[in-house]
Amino acid sequence: HTLPPTTASPTSTVPPTTAEPIPPVPVVEQRIEVAGPEEVVFDWTTDQCEPEHIPDIATRAFRNAAGQVSLTIGHWDAYRMVGPSLDELTSDCSAPLMSSDYDPDPAQFDDSEWIGSPFTLDGETVYAVVHQEYRGDTHDAARPGQCPSDRRLPCLDTSFTMFVSTDGGDTFDHIAPPPGHLVASLPYRYIDDSIPTGIRQPSNIIEGPDEFFYLFGNVSDHPDEEQWVCGMRTDELADPASWRYWDGTGFAGVWKNPYLETVDPEVDKCAPLAFGSLSGGLNEGIVFDEVLDAYVMVGMSNSAAGGEWGVYYSTSTDLVEWTPRRLLVELAINPTVDDPDNDTVHAYPTIIDPDSPSLSFSTTDGQMYLDVSRFNFGGNSLDRDLLRIPIEVREVELTAPDWSFDVDGDAEGWAPEQDIVDLAVAVGAMSLRTTGDDAVLISPPLRVPAAFDTVRIRMSATGGPEDA
């Protein structure tokens, strides 16, 4: 109940409480934080094999059976950097790992392709999920009249396909003749001049705690370009049709080819995974960190409250439930600059630990790198470098929120919202007077560490009825 107004003078002092104070309880929380300055891994000016050799998707690393390390620099012609370790890499310009076919038929899912998720268990056979873009604006000769706006994004349809290498990652090709290499597509055929539709930017593949292999993508859906993170898994990497998507309760959803099968656009697509935590873009890189004993996902985002933009991370123990995303490093990205086409921006983050014993660099030991692409002169320029930023798991000591009111007149961030007057702080206490039956007092921003399961606020009331 709200207390009625009292006759207490607003300038009167409040006697100090006689209750024994509750000392703050220290809690140690593990966080991932930046641990050093950025380094350039791939400098487009000096390391390119040809002008369009650019880091245009999240980079990935894998090790072949002979111990040689490959770091992918993905574009529609994908090259790699090679060396004995991730600290000793040079561009391999002998030939692309994979080249796009630019098939004008959208039903083939074989237009422009980016190698997105190479993964190997033996260093000889390397499977790769590929980001495939059907670019309707580029096929006027074969399909005259298509994409009348002649604009890229309204005529873009994206999907995932599967490629494989049988030579330790030297070359990649379709795992089956198109469209038999299709992994995932939204239940729509290509639509002219609409929105960029489909599933895109696959994460790396990672082994889950249940002997399945997991993958995550970003969905952009009709009619309003709503976006979310889609989770999917398989127990048979060699079969592109074996992937099952998260349907809201389990991994039971079956991907369908809208050109060959009857589809229901309202039903035949994955459900948002941990929407409030992962947001629409937290899906680009995933590792299992041994210090945190949890999976870590990174991506470009802002906070749930609309705060800083940059690289965020979230953690999970089961790849289904994810913690609220937390800022790892604030970076200039498209929404934060005045001219995204020309200003320096960043994209495509992922985490790689050079010390990982995993052939696909799927694990970290608390000290690793955040790899991210830097567009030096915006999206209109090919001048793009690959950076790596040292990051590490650190223990941060936290204390429970504690308001001492030990400075007269300092409300320590508390403020009256409505039906409250005469708020004062004196002699170690805050006092106020209510003037109505819907009094609201607002606290300062409050973050309660997960280790605390209770917030206790102690107050006394005078001047009202006994049952107030």
Side-chain angles (χ1 to χ4, degrees), residues 35-100 113-120 122-128 130-131 163-173 204 284-285 287 344 346-364 367-377 381-391:
E38 66 185 32
E39 308 167 16
V40 176
V41 177
F42 170 86
D43 187 320
W44 178 83
T45 303
T46 58
D47 295 328
Q48 60 164 291
C49 297
E50 42 96 352
E52 291 187 341
H53 176 197
I54 58 176
D56 198 45
I57 194 170
T59 192
R60 308 295 182 205
F62 60 91
R63 189 182 292 112
N64 69 14
Q68 181 190 57
V69 172
S70 293
L71 184 76
T72 59
I73 306 294
H75 200 206
W76 46 61
D77 287 326
Y79 289 87
R80 63 177 174 173
M81 302 186 80
V82 296
S85 74
L86 284 171
D87 298 319
E88 303 173 79
L89 295 173
T90 57
S91 290
D92 177 8
C93 296
S94 58
L97 295 176
M98 184 188 81
S99 294
S100 297
E113 293 162 308
W114 284 249
I115 188 167
S117 312
F119 182 87
T120 182
D122 58 14
E124 296 179 357
T125 300
V126 186
Y127 298 100
V130 166
H131 165 97
F163 279 55
V164 67
S165 169
T166 56
D167 54 15
D170 291 342
T171 58
F172 287 82
D173 202 353
N204 47 304
E284 296 199 68
V287 292
T344 298
H346 301 78
Y348 315 130
T350 194
I351 294 176
I352 302 177
D353 181 358
D355 299 327
S356 175
S358 163
L359 291 178
S360 299
F361 293 87
S362 301
T363 62
T364 55
Q367 293 183 314
M368 51 278 197
Y369 286 96
L370 174 72
D371 284 41
V372 62
S373 296
R374 180 179 64 198
F375 295 43
N376 294 312
F377 302 101
S381 171
L382 293 176
D383 190 341
R384 307 176 189 184
D385 300 333
L386 178 65
L387 311 179
R388 68 177 189 177
I389 303 170
I391 57 176

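As the structure is a computational prediction, the values presented were derived from the model and not from experiment.
S117 meets the side chain to side chain donor-acceptor pair (under 3.5 Å) test with no other residue; sequence neighbours excluded. Scanning for side-chain contact (heavy atoms from CB on, under 4.5 Å) contacts around E52 gives E50, H75, W76, L382, with sequence neighbours left out.
Distance check, rounded to the nearest 0.5 Å: CG of L97 to CZ of F172 gives 6.0 Å. For the atom pair F62 CZ and Q68 CD, the distance stands at 8.5 Å (nearest 0.5 Å). To the nearest 0.5 angstrom, I391 atom CD1 is 9.5 Å from D353 atom CG. Rounded to the nearest 0.5 Å, atoms OH (Y369) and CD1 (I351) are 13.5 Å apart. Note that CG of D47 and CG of D385 are 8.5 Å apart. Values are rounded to the nearest 0.5 Å. To the nearest 0.5 Å, atoms CG (L71) and OG1 (T59) are separated by 3.5 Å.
The shortest non-hydrogen separation linking S85 to V69 is CA-CG2, 3.9 Å. Taking both residues in full, the closest heavy atoms of A65 and D122 are given as CB-O, 3.8 Å, listed atom of the first, atom of the second, then distance. The heavy-atom pair separating G83 from L89 by the smallest distance is N-CD2, 3.7 Å. The shortest non-hydrogen separation linking V126 to G168 is CG2-C, 3.9 Å. The two atoms that bring S70 and V82 nearest to each other are OG-CG1, 4.0 Å, heavy atoms only. Shortest non-hydrogen contact noted between E113 and S100 is N-OG, 2.8 Å.
Between the side chain of T344 and the backbone N or O of F377, no donor-acceptor pair lies under 3.5 Å. With hydrogens and angles ignored, the 3.5 Å screen pairs a side-chain donor or acceptor of S373 with a backbone N or O of P55. S356 contributes a side-chain N or O that, together with a main-chain N or O of S358, makes up a donor-acceptor pair within less than 3.5 Å.
Using a 4.5 Å heavy-atom threshold, the side chains of F375 and W44 count as separate. P354 is listed as a side-chain neighbour of R388, based on a closest heavy-atom distance under 4.5 Å. Looking at heavy atoms from C-beta onward, D77 lies out of side-chain contact with H53 at the 4.5 angstrom threshold. Side-chain contact between T363 and P357 is present, with at least one heavy-atom pair separated by less than 4.5 Å. With a 4.5 Å cut-off on side-chain heavy atoms, D56 and W114 count as touching. Side-chain contact check for F42 versus S91: some heavy-atom pair is nearer than 4.5 Å. Between F119 and N204, every side-chain heavy-atom pair lies at or beyond the 4.5 Å cut-off.
The disulfide bond (SG atoms under 2.5 Å apart) analysis of residues 37-94, with sequence neighbours excluded, yields the pairs C49-C93.
Salt bridge absent: R60 and D371 never bring a charged side-chain N and a carboxylate O closer than 4.0 Å.
When the options V287, T350, L86 are evaluated for a side-chain contact (heavy atoms from CB on, under 4.5 Å) with F361, the one that passes is L86.
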message: Let's go through R80 and D170 carefully: what are the C-alpha distance in whole Å and the side-chain angles of both, what is the deciding distance for side-chain contact (heavy atoms from CB on, under 4.5 Å) to 0.1 Å, and is it a yes or a no?
response: CA-CA 9 Å; R80 63 177 174 173; D170 291 342; 2.9 Å; yes

